Structure formats: structure tokens, C-alpha cells
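The structure appears below as C-alpha cells.
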Amino acid sequence: MEIFKYLEQYDYEQVVFCQDNQSGLKAIIAIHDTTLGPALGGTRMWTYESEEAAIEDALRLAKGMTYKNAAAGLNLGGGKTVIIGDPRKDKNEEMFRAFGRYVQGLNGRYITAEDVGTTVADMDLIHEETDYVTGISPAFGSSGNPSPVTAYGVYRGMKAAAKAAFGSDSLEGKVVAIQGVGNVAYSLCRHLHEEGAQLIVTDINREAVNRAVEEFGARAVDPNEIYGVECDIYAPCALGATVNDDTIPQLKARVIAGSANNQLKETRHGDLIHEMGIVYAPDYVINAGGVINVADELYGYNYERAMKKVETIYNSIEKVIEISKRDGIPTYVAADRMAEERIERIRNSRSQFLQNGHNILSRRRTR
Ligand SMILES: NC(=O)c1ccc[n+]([C@@H]2O[C@H](COP(=O)([O-])OP(=O)(O)OC[C@H]3O[C@@H](n4cnc5c(N)ncnc54)[C@H](O)[C@@H]3O)[C@@H](O)[C@H]2O)c1
Ligand SMILES: CC(C)C[C@H](N)C(=O)O
């Protein structure tokens, strides 16, 4: 990967490589765009095939956060961190504290939170070193684990997408195929089960599958089978890029709506599913519940206020589908336009000069 070429192509601001011998920390903080405000995005811990794969993931996820935060109406830019390592074996206190010091070093340009492989306990360790972390324990006045709120947003967005595909937003009797039943999807399964949807689940973690089978009467399938099952809705809730050349021909679903980030391997896959008449709820619009929830901490966390905003995900999904139909464009393009237009509007409204704290005239007088 030619890194500067990539940064230039997608207009990234900054990439920070964090290394600490003692703890084994190897992390990449990617800051995509801070036009709207500080970059807020989670920290993912994952075993990557190569350093290049880790860098690419951080970059793609950071850009996704710029669009997610903008589309959700937040005054926040986009950033993300990946820590290279196995979250089941390689974590230690020193690692998250070392990482916290790197976050502190950015002096508020980047604020972190949970993502795949990290927990509230990890955020609490980061918080030992910096205030620029959200999703820490509620005992600190924070919002805690964002996953259940993300799940609620996905559930609401899925209903809006179902309305467009089936004429009703009721999910009763609908068959939903869920890939990955981790933190978000577990709560999503609960909402769907309560509404009377039938669940088909898969995960590479057997325990996670068993829990969904036992608690929600889900039918389990092998990871490779999930794409081809007979279902109404495919909910990707594991990692990204699962809507691709191999999986699209297998899909029977009329709706794709799930929590995973970067669901489309390439944008052309969004074009392809659009042509096939599949209603795609753009990933960063439907999964914004978690970031909406943690972002509320910046105002002094209020659960009711945060949930009121999360409810609007239903309307946002309706809106992208409406624009998609009106302009004859795929929903992912409609969502990108919505996000980009907001960034441009705010960029322009901020264009007048504002004193930035360096009072040149008063300093001159003291010389
Ligand atoms: N946690 C949040 O609040 C939040 C917010 C927005 C987006 N997301 C995104 O949603 C997705 C899920 O997040 P999470 O917090 O639930 O993570 P998680 O790690 O708790 O769950 C992911 C699950 O997917 C499983 N998995 C991984 N690869 C798989 C595969 N090939 N096939 C089947 N299962 C597989 C894992 O075993 C795990 O159980 C991620 O893409 C994340 O970036 C999460
Ligand atoms: C800020 C976090 C809640 C971010 C979350 N992992 C996301 O992808 O939106």
C-alpha cells in the first residue's frame, strides 16, 4: 500500500502509529476528517493477517466514522483505532494505559470508545490516562456499553427498511439471518424475538451461537451457509466486506440491514444489490446508535436524550430510501450525499475568521 497516495485519495488528516515494547501495544489511530468536530470512533482489537491489513482497516473504519457522525447529525469528525492482537489473549493493563497516553497526546483531536474486541473495562483503563474516552463505566457518569443502544438503532432501522421492501414495518413472522451474534447482535436478537421474528444465526464462536439458540429459539447454521439461507432479511453483524462477489449471488433476502461496519466490499457491490432490488440500509446510518449514545457524554450524559436521537435512525433510513427512489440511485450513494452535504454546509458556515486563542496583538504589546 502506498500510504500517502491512499491518504491523499480519500483526504485523510492524520495517522498515528503507537508502539510500546513493555505492553506489546501496536496500534494505529486514523483520523479522517475533523471538519465537524473532534474525531470520535472506537478502538478495535483484532488479529490481522498483516500490518497492511490493519492499516487499511483503521483507515476504512475512520472514514466510515466521518460519514456516520455527519449523517447522524453529530458535531463530530471521524476517526478509529485498531490494536493489533488477539483480544482473548494479548490484553493487559499496561497496553490500554499506554494507548490512553497516545490518545491524550492528541489533545482532544481524537476521542475513543469500544469496538470489536474491546470492552467497558478496557475503556476504564484508557480513562486512567485520558479524558478523551467514552463508553466507560456508568459509575463515572458515562454511558457504559454502547452495544445495546447500537442494537436498538439497528432494530429501528431494520423496521424502516422492511417497510420499504414489504409494505409494513412489522417484523412479526419475518425470517432474519444474522451473521455474528456478539455484543450488538445478541441485543438485536432480543428485540427481534420479542416482535415475533424467526432467527437464523451463525458465529465462529460456538458459545455465542448456543446462547441465541437457547434464549431466542434461533436456528443455527455454519458460517459459510448464512448467505444462502431462505430468509427475508440478511443482518451482517460480524466484520465488514461480507456483501461481495461471492456472497451476492447466494442472497435470498430482500433487505440487508445489520450492525457491521463497511458491509460493502466495494461500492460496486452496492450498485449490484440496488439493481437486484434489494433494500440496503446503509451500514453507517443504521449502526449509529452506539456513537450517538457515547457522543451524548460530551453534553453530560442523559439516557432519554440519547435514545430520542437514536429513534431518528428510523427516519434517516426512510430518508435515504426516499432519496434513492426519487433520484434512482443506490441507498449507499444517497447516504454519502446526505453526509457530504452536511459536512460542506457546516464547513462553509464556519468559514468566517474566529480568534483561535493566540492573541497576536496583546502578545505584541508585552514584548
Ligand atoms: N458495538 C457497537 O456499539 C457497534 C457500533 C457500531 C457498529 N458496530 C459494528 O458491529 C459489528 C459487531 O460489533 P460487536 O460490538 O457486536 O462485536 P463483537 O465482537 O461482540 O461481535 C462480533 C461477532 O462476530 C463473530 N464473527 C467474527 N467473524 C465471523 C464470521 N466470519 N462469521 C460469523 N461470525 C463471525 C465474532 O465471533 C463475534 O461473536 C462490528 O462490525 C462493529 O464494528 C458495533
Ligand atoms: C463510538 C463507538 C460506539 C463506535 C462504534 N464501534 C461504531 O463503529 O460506531
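Count residues from 1 along the sequence. Please read all numbers here as calculations on a predicted model, not as lab measurements. Only heavy atoms go into these numbers, but all of them, side chains included; no hydrogens, no water, no symmetry mates. Atoms within a ligand are numbered from 1 in the order they appear, just like the ligands themselves.
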A student checking ligand 1 against Ala260 at a 4.0 Å heavy-atom cut-off should list atoms 10 (O), 11 (C), 41 (O)

Starting from atom 6 (C) of ligand 1, find the nearest protein heavy-atom neighbour and note its residue, name and distance.
Asn287 O, 3.4 Å

Taken to the nearest 0.5 Å, the spacing of Ile321 CD1 from Arg326 CZ works out to 14.0 Å

Testing the 3.5 Å rule here: is there a donor-acceptor pair between the side chains of Tyr234 and Gln179?
yes

Ligand 1 versus Asp115: contacting region, heavy-atom distance under 4.0 Å:
side chain

For Asn261, counting its heavy atoms only, list the atoms of ligand 1 lying under 4.0 Å from any of them.
7 (C), 8 (N), 9 (C), 41 (O), 42 (C), 43 (O)

So, taking the atom named OH in Tyr186 and the one named NE2 in His191, what distance separates them when rounded to the nearest 0.5 Å?
11.0 Å

I'd like the name of whichever of Val294, Asn205, Asp203 reaches closest to atom 38 (C) of ligand 1 through any heavy atom.
Asp203

among protein heavy atoms, the one nearest atom 31 (N) of ligand 1 is Ile204 CG2, 4.3 Å

Looking at Thr150, Leu61, Thr118, the heavy atom closest to atom 2 (C) of ligand 1 belongs to Thr150

So which protein heavy atom does atom 20 (O) of ligand 1 come closest to, and at what separation?
Asn183 N, 2.8 Å

Note the single closest protein heavy atom to atom 16 (O) of ligand 1, along with its residue, its atom name and the distance in Å.
Val184 N, 2.8 Å

Would you say ligand 1 has an N or O under 3.5 Å from any N or O of Thr202?
no

How far is atom 1 (N) of ligand 1 from its nearest protein heavy atom, and which residue and atom name does that atom have?
Ser147 OG, 3.1 Å

Begin with the C-alpha distance, continue with both residues' side-chain angles, and end with the deciding distance and a verdict on side-chain contact (heavy atoms from CB on, under 4.5 Å) for Val291 and Leu40.
CA-CA 8 Å; Val291 75; Leu40 197 158; 3.7 Å; yes

Under a 4.0 Å N-O cut-off, is there an ion pair linking Lys91 with Asp86?
no

So, Asp232 and Arg254, do they make that salt bridge, N to O below 4.0 Å?
no

Heavy atom to atom 41 (O) of ligand 1, shortest distance: which of Ser259, Gly258, Ala238 holds it?
Ala238

Take atom CD in Glu340; do more than 12 heavy atoms of anything else shown fall under 6.0 Å from it?
yes

What protein heavy atom lies closest to atom 21 (O) of ligand 1? Include the residue and the distance to one decimal.
Gly182 CA, 3.3 Å

Cation-pi check, Lys159 to Tyr314: give yes when NZ or CZ is under 6.0 Å from the six-membered ring centre and within 45° of the ring axis, no otherwise.
no

Which heavy atom of the protein is the closest neighbour of atom 17 (O) of ligand 1, given with residue, atom name and distance?
Val116 CG2, 3.6 Å

Given Cys237, Gly180, Pro148, identify the one with the heavy atom nearest to atom 22 (C) of ligand 1.
Cys237

Within reach of ligand 1, part of Ala288 (heavy-atom separation under 4.0 Å):
neither

Ligand 2: which residues have a non-hydrogen atom closer than 4.0 Å?
Leu40, Gly42, Met65, Lys68, Lys80, Ala113, Glu114, Asp115, Pro146, Asn261, Gly290, Val291, Val294

Give the contacting part of Glu114 toward ligand 1: side chain, backbone, both or neither, where contact means a heavy-atom distance below 4.0 Å.
neither

